[in-house]
Amino acid sequence: MIKLAIVGTNWISEKFAEAALESKKFIVNGVYSRSLDTAKSFGQPFGASVFFDSLEALGASENIDAVYIASPNSFHCQQAVQLMRAGKHVICEKPLASNITEVELMFDVAREQNVILMEAFKTAYLPNFIALKNSIEAIGKLHKVHLTYCQYSSRYQRYLDGENPNTFNPEFSNGSVMDIGFYSVAAAVELFGTPNKVQASAHLLESGVDAHGSILLTYPNFDVTLSHSKVSNSYAPSEIQGEDASLMLTHFSECVGFEKQARNGERTCVSLPQVENSMRYEAEAFAAMISAGSMDPHAVQRSLDISRIITEARLQTGVVFPADTLLK
């Protein structure tokens with residue numbers, strides 16, 4: 001069993017801890033928080049026995065093999081690099097880091113230390129998303145793709161009220177394209193690979209981050225339009241259009257199924273069984289890499305491509321983070 005530590009004590013950490021235990025590949029052995037009391041209250045229900053308020057102590061602990069990082073985006077690179085240099089495998093919440101410079105550094109350190117680094121992009125490992133990817137060839141020559149993910153943030157009213165929540169704060173490398181937009185970019189890269197061209201537009205808040213935006217990815221014979229927003233909801237399905245048929249899906253990040261509609265009007269619905277906690281699939285993939293002793297080259301390239309696209313989109317739209325000083 002892999003001895004796992006959790007960095008970050010929010011709701012997504014709780015879901016991943018549950019998924020890791022469900023996978024039967026991990027034990028949740030430790031938790032890091034700035035407060036030891038918080039670490040203990042979070043970790044004890046999962047059976048954790050060691051608690052840390054120091055990353056140095058976590059890195060030095062023989063009771064930990066691997067770490068799940070779910071801290072604010074701006075901390076991902078520093079924390080992951082520190083823990084990998086201490087010999088720990090790392091699975092880090094999306095986005096992997098603030099920009100492509102940080103992501104490249106993280107993978108360089110992983111290779112130098114001979115440890116596993118994985119971005120926690122669960123969608124790519126879902127049975128229905130894999131089935132969707134395998135169905136694309138059967139719909140004929142591709143022409144148009146629309147991927148939309150727009151979700152009104154529960155923290156937006158706090159921002160409007162004059163508060164400064166992390167979600168809309170550039171200090172934490174946040175905003176729409178880094179959060180909601182990530183899913184659309186990542187899904188496009190997983191389905192279609194590296195685009196030839198990236199064109200982005202966005203509407204910025206006074207804080208300096210984007211509230212919503214669009215990205216156009218150009219491929220040799222088709223284009224992919226991505227819509228993202230943290231200040232409005234979308235109820236429209238996403239669509240992949242081929243000459244012979246189209247694939248339609250709702251809430252593609254969870255991808256509980258999709259529909260194929262042929263040009264002649266014939267419809268086929270696909271919905272494979274999936275476990276309730278969809279993070280289990282990424283936990284299993286992380287465990288498989290640790291067991292194999294090597295990173296999945298496809299997953300590494302996917303993370304690099306995603307970060308390059310998002311970094312370029314921010315450069316085009318003027319979203320700048322303190323972490324971007326590394327780009328100069």
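Computation of the quantities below employed the complete heavy-atom set of this structure, encompassing side-chain atoms and omitting hydrogens, waters and symmetry-equivalent molecules.
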Point to revise | Side-chain donor-acceptor pair present, Ser229, Ser232, cut-off under 3.5 Å | key: yes
Practice item. Could you tell me whether the side chains of Asp305 and Thr194 share a donor-acceptor contact shorter than 3.5 Å? Key: yes
Practice item. Using distance alone, with no hydrogens and no angle criterion, decide if Thr148 and Ser227 have a side-chain donor and acceptor under 3.5 Å apart. Key: no
Point to revise | Asn174 side chain vs Asn166 backbone, donor-acceptor pair below 3.5 Å | key: yes
Exercise for review: Check ring pair (Phe, Tyr, Trp, His ring centres under 6.0 Å) between Phe252 and all other residues, then give those that pass, not counting sequence neighbours.
Suggested key: none
Revision key, fill the gap. Besides Ile130, the hydrophobic cluster formed by Ile, Leu, Val, Met, Phe, Trp and Tyr side chains linked at under 4.5 Å, directly or via other members, contains none
Review point. Under a single-linkage rule joining Ile, Leu, Val, Met, Phe, Trp and Tyr whose side-chain heavy atoms are separated by less than 4.5 Å, which residues share a cluster with Phe172?
Key: Phe75
Revision key, fill the gap. Residues passing the ring pair (Phe, Tyr, Trp, His ring centres under 6.0 Å) test with Phe16, sequence neighbours excluded, are Tyr68
Practice item. Could you tell me whether the side chains of Gln157 and Asp161 share a donor-acceptor contact shorter than 3.5 Å? Key: yes
Review point. Does Ala200 offer a backbone N or O that forms a donor-acceptor pair with the side chain of Gln316 under 3.5 Å?
Key: yes
Practice item. Verify, without hydrogens or angle tests, whether Ser74 (side chain) and Ser173 (backbone) share a donor-acceptor contact under 3.5 angstrom. Key: no
**Study point:** Which residues share a side chain to side chain donor-acceptor pair (under 3.5 Å) with Glu119, sequence neighbours left out
**Key:** Ser303
Review point. If you measure from the Lys or Arg side-chain nitrogens to the Asp or Glu carboxylate oxygens, is any gap between Glu284 and Arg280 under 4.0 Å?
Key: yes
Exercise for review: Compute whether any side-chain donor of one residue and acceptor of the other, for Glu93 and His76, lie under 3.5 angstrom apart.
Suggested key: no
Check your understanding: Which pairs count as salt bridge (charged side-chain N to carboxylate O under 4.0 Å, His left out) when at least one residue sits in residues 185-197, sequence neighbours excluded?
Key -> Lys133-Glu190, Glu190-Arg302
Practice item. Tell me, please, which residues at least two apart from Asp53 pass side chain to side chain donor-acceptor pair (under 3.5 Å). Key: none
**Study point:** Set of residues satisfying side chain to side chain donor-acceptor pair (under 3.5 Å) with respect to Glu254, sequence neighbours excluded
**Key:** Lys122, Ser278
Review point. When clusters are formed by joining ILVMFWY residues with side-chain heavy atoms under 4.5 Å apart, either directly or through shared neighbours, do Leu304 and Ile215 land in the same one?
Key: yes
Please tabulate, for the side chains in residues 175-187, all donor-acceptor contacts under 3.5 angstrom to protein atoms that are two or more places apart in sequence or on a different chain.
{"residue": "Ser176", "atom": "OG", "partner": "His228", "partner atom": "ND1", "Å": "2.7"}
{"residue": "Asp179", "atom": "OD1", "partner": "Lys94", "partner atom": "NZ", "Å": "2.9"}
{"residue": "Asp179", "atom": "OD2", "partner": "Lys230", "partner atom": "NZ", "Å": "2.6"}

**Study point:** Any donor-acceptor N or O pair under 3.5 Å, side chains Asn233, Gln151
**Key:** no
Revision key, fill the gap. By ring pair (Phe, Tyr, Trp, His ring centres under 6.0 Å), Tyr159 pairs with (sequence neighbours left out) Phe168
**Study point:** Results of ring pair (Phe, Tyr, Trp, His ring centres under 6.0 Å) for His146 - residues two or more places apart only
**Key:** none
Check your understanding: Judged by modelled atom types alone, do Thr268 and Glu259 share a side-chain donor-acceptor pair under 3.5 Å?
Key -> no
Review point. In the hydrophobic clustering that connects Ile, Leu, Val, Met, Phe, Trp and Tyr at side-chain heavy-atom distances below 4.5 Å, which members other than Met1 occupy its cluster, ordered by chain and number?
Key: Ile27
